[in-house]
Amino acid sequence: MDREARPIDNAVSSLVTALIDAGNIDTVYRDVYLDRARTQLAPLLPVEEFHRLEQQRATLAELPTTIARALEKANWSLVKELSERAQALKHAIADKGALLQIARSVYDVRDVRLDPFSPGLEPLTRVAKRELATLRARMLELLGTLERADVGWNDFYGARRRAFQAQPQTAPELQTDAATSSATDALEAARRALKAGDMKRLAALADVLTAVATPGRSPLPHGANVASSPAEGAPGEELQPVAYSSETLERARHLGLAPHHLEPWIELASLRRYAWTPLADEFGNSPAAEIPLPSGSPEGLRDGLEMFTIHPLVNSGGARYLPSLVAEDVLVEDFPDPAEGQTPGASELVKSLRLPGRRGLPRIAIEQALLMHGARILEKELGLDPRVFRLVCIPPDVYVRLGEAEGWGRQPFWTHFDGYLVRRSAGQVRLQALAGGDVRYGGVYDLLGLGRDYGPDRLLARFAVVQRGRMVAW
């Protein structure tokens, strides 16, 4: 029996490993790859058995200390009992050893991967531009493997393969000269020129870097792109209008979700040109105070924009977050903000996510709930394709565009937003969960980063279903 099962186990293990590796590269769709991995892994190691084995592993780690105390007390019967238990636990864990290791990357995902192909994130992902071609080739190889091993999902793998094949081979670059290929390169070139005593070249590079650091200046000679990202004034890619079926709308209402059509906000989208660039960390200044806001904009908007100018932000797919602010159809939990001291009841959506409520939850608990149950809710409960839609904490730009009309941001608490603020400290990259909406700090325009394990009672979860296309940065 074992000999017959082993080739099947190996085939499934190889398929699940390929899905994990693909999700680590194609991060915006990582949740889709992981959901497929769970489907493939469950017959061999159900999630309940995984948690039981992990608990046994924790127990096994503690047993030597307990046995040592029994030895000191000469309690030989207890020593024997605990030793036999330790042996039994070792065998149980060893029997599933290889699968257990794979399962941790499927059932117990706690990290957030940054999209290595998002323009402008190179200093944070530590994947140099020259390495992207190799990474792209590896992704295409993985997709080819998945197409052969998982024929039932060929349409998805084929679509992702075509997306990577159509991907620009190089990100937009800073066109200073042949030796200077990006904004970061320009700074490094300036350092080398100073060290070499090449003052003529240093003066020329200083002009370039001054233009980058100065709001309102033409960014670079010959129309080069300062941010090396889609941070230019034009809005993002248009999203397809969504005509939800009557059945989906009825199911959405049952879960507490309502359809909303968001109008484009072209004036605000034009401010994308002021977004953080890799050079912002070097200069340490923010142009937020000098940004010309659209006429009639509340002053609180400037504080929110400052976050975009001095910090890189990413969405929950790990891709660069620069709000497209185009027309968009979404499903949103649009319940009124609870008054101070009130606790909103758990909706059917919160129950389906198997969360204990919507207040006082740390982001990491929400992330794990969305990873484990988001795809099922979309497909089974809403009749939507999780490869096209995604269930997320409400994105900041969706919150802002709906907030005034819905009366949000008028209570002293924060709302979880989709995405993360990226900080660098002592060479380490650290993600902070986006939140905002506290009336004391700017209302609907309030935006800040909180620890992913931070969960005070004044933190509330509000969910939305969005098109996955809004999360792609290339």
Side-chain angles (χ1 to χ4, degrees), residues 249-262 298-301 303-304 307 315-316 330-374 376-378 381-382 390-421 432-466:
L249 291 174
E250 183 178 348
R251 292 178 178 183
R253 281 192 291 272
H254 173 71
L255 291 175
L257 294 163
H260 285 273
H261 176 75
L262 304 178
E299 192 58 29
L301 175 60
D303 293 336
M307 295 291 287
N315 57 42
S316 56
V330 295
L331 296 173
V332 177
E333 287 191 306
D334 61 358
F335 58 86
D337 275 349
E340 189 171 5
Q342 290 184 346
T343 300
S347 68
E348 290 302 316
L349 177 58
V350 170
K351 293 175 184 176
S352 194
L353 284 168
R354 301 179 188 174
L355 291 169
R358 63 170 77 250
R359 268 196 187 277
L361 297 173
R363 178 62 63 85
I364 196 164
I366 295 175
E367 291 165 354
Q368 289 187 300
L370 289 170
L371 272 176
M372 292 299 294
H373 307 295
R376 171 184 56 79
I377 292 170
L378 287 169
E381 301 190 37
L382 288 170
R390 185 164 179 173
L391 178 63
V392 296
C393 294
I394 187 169
D397 60 290
V398 174
Y399 182 89
V400 168
R401 285 193 275 176
L402 290 177
E404 289 287 358
E406 297 294 328
W408 298 337
R410 300 175 188 175
Q411 298 295 332
F413 65 79
W414 289 308
T415 297
H416 280 286
F417 291 158
D418 181 71
Y420 313 94
L421 182 153
Q432 293 184 316
L434 291 180
D438 192 314
V439 67
R440 297 168 296 178
Y441 307 109
V444 293
Y445 301 103
D446 176 34
L447 184 65
L448 75 159
L450 302 172
R452 292 171 64 225
D453 57 353
Y454 181 66
D457 191 55
R458 63 176 182 274
L459 194 53
L460 178 138
R462 184 188 293 274
F463 298 100
V465 174
V466 299

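Computed from a prediction, not measured in an experiment: that's the story for all the values here.
Residues that satisfy the side-chain contact (heavy atoms from CB on, under 4.5 Å) test with Arg401, not counting sequence neighbours, are Leu262, Trp265, Leu325, Glu328, Asp397, Arg470. Checked against side-chain contact (heavy atoms from CB on, under 4.5 Å), Gln342 has the following partners two or more places apart in sequence or in another chain: Pro338, Ala339. Remark: Arg440 engages Asp438 in a salt bridge (charged side-chain N to carboxylate O under 4.0 Å, His left out) (not counting sequence neighbours). Under the ring-ring contact (aromatic ring centres under 6.0 Å, His included) criterion, Tyr399 pairs with Trp408, Phe417, sequence neighbours left out. Partners of Leu448 under the side-chain contact (heavy atoms from CB on, under 4.5 Å) rule, at least two apart in sequence or in another chain, are Trp414, Ala435, Asp446, Leu450. For Gln432, the side-chain contact (heavy atoms from CB on, under 4.5 Å) partners at least two apart in sequence or on another chain are Leu421, Arg423, Arg430.
Under a 3.5 Å cut-off, the side chain of His416 and the backbone N or O of Ile366 do not form any donor-acceptor pair. Within the 3.5 Å criterion, the main-chain N or O of Glu333 finds a donor-acceptor partner in the side chain of Arg462.
Arg358 CZ to Leu353 CG: the interatomic distance, rounded to the nearest 0.5 Å, is 9.5 Å. Here the straight-line distance linking atom CG of Leu370 with atom CZ of Arg390 works out to 8.0 Å at 0.5 Å rounding. Residue Leu382 holds its CG atom at 12.0 Å from CD of Glu250, rounded to the nearest 0.5 Å. Distance check, rounded to the nearest 0.5 Å: CG of Leu402 to CG of Asp334 gives 8.0 Å.
Taking 4.0 Å as the cut-off between side-chain N and carboxylate O, Glu348 and Lys351 count as a salt-bridged pair.
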